[in-house]
Protein chains: 2
Amino acid sequence: MAKVTMADVAKEAGVSKSTVSQYLNKRYEYMGHDTKKRIEEAIAKLGYQPNFLARSLKQKRTSTIGIIVANIMHRFSTEVSRSIEDFFHEHDIHAIVCNADDNPKKEKKYIEMLRAKQVDGLIIFPTGKNIALYESMIKENYPVVFMDRKIEELNVDTIAVNNKESTYHAIKHFIEAGHEQIALITPPLTISSRIERVEGYKQALSDHNLTLNPDYLKSVEIPAIQSELDKMFSLSKSPTALLAGNDLVLLEVLAFLKEKGIKVPRDLSLIVFDNLSFAHISEPTITAIIQPAYEMGKKAAELLLAQIMKENVTTPTEHIFEGRLIVRKSSEGYLFSK
Amino acid sequence: MAKVTMADVAKEAGVSKSTVSQYLNKRYEYMGHDTKKRIEEAIAKLGYQPNFLARSLKQKRTSTIGIIVANIMHRFSTEVSRSIEDFFHEHDIHAIVCNADDNPKKEKKYIEMLRAKQVDGLIIFPTGKNIALYESMIKENYPVVFMDRKIEELNVDTIAVNNKESTYHAIKHFIEAGHEQIALITPPLTISSRIERVEGYKQALSDHNLTLNPDYLKSVEIPAIQSELDKMFSLSKSPTALLAGNDLVLLEVLAFLKEKGIKVPRDLSLIVFDNLSFAHISEPTITAIIQPAYEMGKKAAELLLAQIMKENVTTPTEHIFEGRLIVRKSSEGYLFSK
DNA sequence: TTGTATGCGTTATCAC
DNA sequence: GTGATAACGCATACAA
């Protein structure tokens, strides 16, 4: 029965609604000490709870922002969301997280739903398939920040990691350890981050005079990875090093290696592009390219808030962060003697 | 500028607001075909988007429910939330997830915020520290379902797993493999699920004529676990088997074992109480007690929906699900010969 | 310092 | 079949 309203409080306290409203918005400056007290008592007595909806309707501001994550199963997404929430929490803004599940239809639905609910802005890990929708938001000057994936055609604040360079670095690490048969597995090349990772891979190979073997470079859906690996490791010359394009790819790779009895790093050197909860404690520990999720989330939040507040209105830009290669056991000690 | 409103559409179509409203709510039964067409065109032309806020204010129903998770870092929480979201999605109800971070203050804040936003109901993984708040919601007949933790004093729908029996089962599994020095580590005993796990542990020991060694039973905060383990494994008789009370405990345990070079299962048998992303692929694979997260989430959602719809108003009850012990390598092959 | 009137964008109740 | 009109709960000029 949260049906006790401001009018009830006003009546109980013997004042008008406006005065109660003043009180709630902490404009006590010109309020009689006595009035204030009576309102306080009335609120306590009736157990009054303000109705945010009504307030938002009037103010045209919900103090809520939305985060649309491409796939909540990635640890990176979780970390970024967490960081964004923390930031907005300090500004008394509520963040609500939706999972598009890598599905453009769901993404569209969530964008529309959140906008219908009048959220003040959106941080999106775009699937990249709803260009028209993205464009309309930008054209309307609706506050938006894109995360993790760049959409070329769009003029919008975007946060990303230097995918190409980071991948280059990892592949170079393999090459310097003596590897020549280096594989990369990613999900389909539908978004910039994956495309850039492939570019970094190719660049690293060519810069070190290694020819690209198409059998070693696969971009397929997660459920298809194991069969793709099966082909790859049935080749007469199978890879000696492998970069997993993200954490979900890695899980598939590990499952495959376990089943086939392929040992890391003895039989295969391994690196994963992403943050992982167990990279430091698995056996062996796993070399990883880490994205600064916390900083990236914070930056996205700052940019969005600026747009919402219409302060520091900079022209939309890309903000690129650096990935860090954490070398662990999975990429060491490969036996070239064999 | 999503400022195009129903009035604009009405004017554009040359009809009244009421008629537009009818149209939007799909009550075309008594509507002229021509009118309908004109409204459609007007909406398309102006790019009208309905305002959910205004609708909710009027209807006293937001078609939104809240999930307050104790700690989003647990995989179990994620799985349950996902299941709840899926269920409500089918009923065109939006679920928003908040993370209390095991912090009663945050929990309170979120409950109040969500209620102020007029969400239609709440599914809570309670910290257990806001009893008065829980009571007030129940007394007001506000739709609530509790998850994972029972609060004795409260008469409310509650979903949980049979913690005691599941733990008993796991400990028995250790005992039958010949173990006598069996440890259990949990976070502090502030909630029913942890208390019940300890009860199951004690019961299993006593039923098998093993005496309880207090050095083997520790309930401490996550950051204190490693030092506690350090003490435990410095004992003259250190444990030969260990049950990690949840997934976060396990991560600490694994980190400790790795540092100390203690090998599983050779030096120590290991079981974890919880769902884990990598239990089946780690080296060794990890024996786990699995909670049926999907079913539990679904049940919680069903109960909440019934409360919201005021249908099937059953008296609040506990719904207990069964944990399943998945035996893997980490609890096999301990060498008792040494 | 406090009260009155009006509007935010919908939906609901009736007339017409 | 369609259209006034009054809510929903709050905030905000402006008056008093």
Side-chain angles (χ1 to χ4, degrees), chain A residues 1-40 42-43 46-64 112-120, chain B residues 1-40 42-43 46-64 92 112-113 115-120:
Chain A
M1 321 285 182
K3 49 167 60 164
V4 35
T5 159
M6 233 176 62
D8 300 322
V9 177
K11 194 188 295 175
E12 176 75 25
V15 298
S16 82
K17 287 195 295 176
S18 354
T19 312
V20 179
S21 178
Q22 306 269 28
Y23 172 84
L24 291 173
N25 293 297
K26 313 208 186 295
R27 308 301 306 160
Y28 329 101
E29 300 162 14
Y30 303 118
M31 199 176 326
H33 186 69
D34 183 51
T35 326
K36 183 175 163 187
K37 195 132 195 171
R38 285 216 309 284
I39 295 178
E40 261 164 18
I43 288 179
L46 301 176
Y48 168 71
Q49 300 280 135
N51 182 330
F52 228 84
L53 243 49
R55 155 188 271 247
S56 301
L57 179 61
K58 180 70 187 169
Q59 293 190 156
K60 295 170 164 299
R61 183 140 191 285
T62 53
S63 294
T64 303
E112 287 172 348
M113 162 184 271
L114 289 171
R115 293 212 52 188
K117 291 198 174 180
Q118 314 297 116
V119 302
D120 298 334
Chain B
M1 316 298 179
K3 49 167 59 165
V4 35
T5 159
M6 233 178 60
D8 301 322
V9 177
K11 194 188 295 176
E12 175 76 24
V15 297
S16 80
K17 285 196 295 176
S18 337
T19 310
V20 179
S21 177
Q22 305 271 31
Y23 172 84
L24 290 172
N25 292 296
K26 312 209 187 293
R27 309 297 307 159
Y28 329 100
E29 302 163 14
Y30 303 117
M31 198 174 330
H33 186 70
D34 183 52
T35 327
K36 184 175 163 187
K37 194 131 195 170
R38 285 217 308 285
I39 296 178
E40 260 164 20
I43 289 179
L46 302 176
Y48 167 71
Q49 301 281 134
N51 182 330
F52 229 82
L53 243 49
R55 154 189 272 249
S56 300
L57 178 61
K58 183 66 185 172
Q59 293 191 154
K60 296 169 165 300
R61 183 138 192 287
T62 53
S63 295
T64 303
D92 281 315
E112 287 171 347
M113 162 184 270
R115 293 212 51 189
K117 292 199 173 178
Q118 314 298 112
V119 302
D120 298 334

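Convention: sequence-line order gives letters A, B, ...; per-chain numbering from 1.
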Donor-acceptor contact present, side-chain Ser21(A) to main-chain Thr19(A), <3.5 Å:
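No, the answer is negative, given that no donor and acceptor are paired below the 3.5 Å cut-off.
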Looking only at heavy atoms, which two atoms of [X] and [Y] are closest? And how far apart?
X: Val4(A); Y: Tyr48(A); value: O-CD1, 3.3 Å
X: Glu12(B); Y: Ala42(B); value: CG-CB, 3.5 Å
X: Lys117(A); Y: Thr62(A); value: O-CG2, 3.7 Å
X: Asp120(B); Y: Ser63(B); value: OD2-N, 2.7 Å

Are Thr19(B) and dG3(D) close enough that a side-chain N or O sits under 4.0 Å from OP1 or OP2?
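It does, given that an N or O in the side chain of Thr19(B) lies less than 4.0 Å from OP1 or OP2 of dG3(D).
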Would you tell me whether Asn51(B) and Arg115(A) have side-chain atoms, one donor and one acceptor, within less than 3.5 Å of each other?
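Not at all, the side chains of Asn51(B) and Arg115(A) share no donor-acceptor pair under 3.5 Å.
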Remember a base hit wins even if backbone is also touched, and classify Thr35(B) as base, sugar-phosphate or nothing at under 4.0 Å, heavy atoms.
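Counting heavy atoms under 4.0 Å across all strands, the contact made by Thr35(B) is with sugar-phosphate only.
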Which atoms of nucleotides 9-13 of chain C (N or O only) lie under 3.5 Å from a protein N or O atom, and what are those distances?
| residue | atom | partner | partner atom | Å |
| --- | --- | --- | --- | --- |
| dG9(C) | OP1 | Lys60(A) | NZ | 2.8 |
| dT10(C) | OP1 | Tyr48(B) | OH | 2.6 |
| dT10(C) | OP1 | Asn51(B) | N | 3.0 |
| dT10(C) | OP2 | Thr5(B) | OG1 | 3.1 |
| dT10(C) | OP2 | Met6(B) | N | 2.9 |
| dT10(C) | O5' | Tyr48(B) | OH | 3.4 |
| dT10(C) | O4 | Lys17(B) | NZ | 3.3 |
| dT11(C) | OP1 | Arg55(B) | NE | 3.1 |
| dT11(C) | OP1 | Arg55(B) | NH2 | 3.1 |
| dT11(C) | OP2 | Ser21(B) | OG | 2.8 |
| dT11(C) | O2 | Lys58(B) | NZ | 3.4 |

For the pair made of [atom1] in [X] and [atom2] in [N], what is the distance, rounded to whole Å?
X: Arg61(A); N: dA11(D); atom1: CZ; atom2: P; answer: 14 Å
X: Tyr23(A); N: dG3(C); atom1: OH; atom2: P; answer: 16 Å
X: Lys117(B); N: dC10(D); atom1: NZ; atom2: P; answer: 16 Å

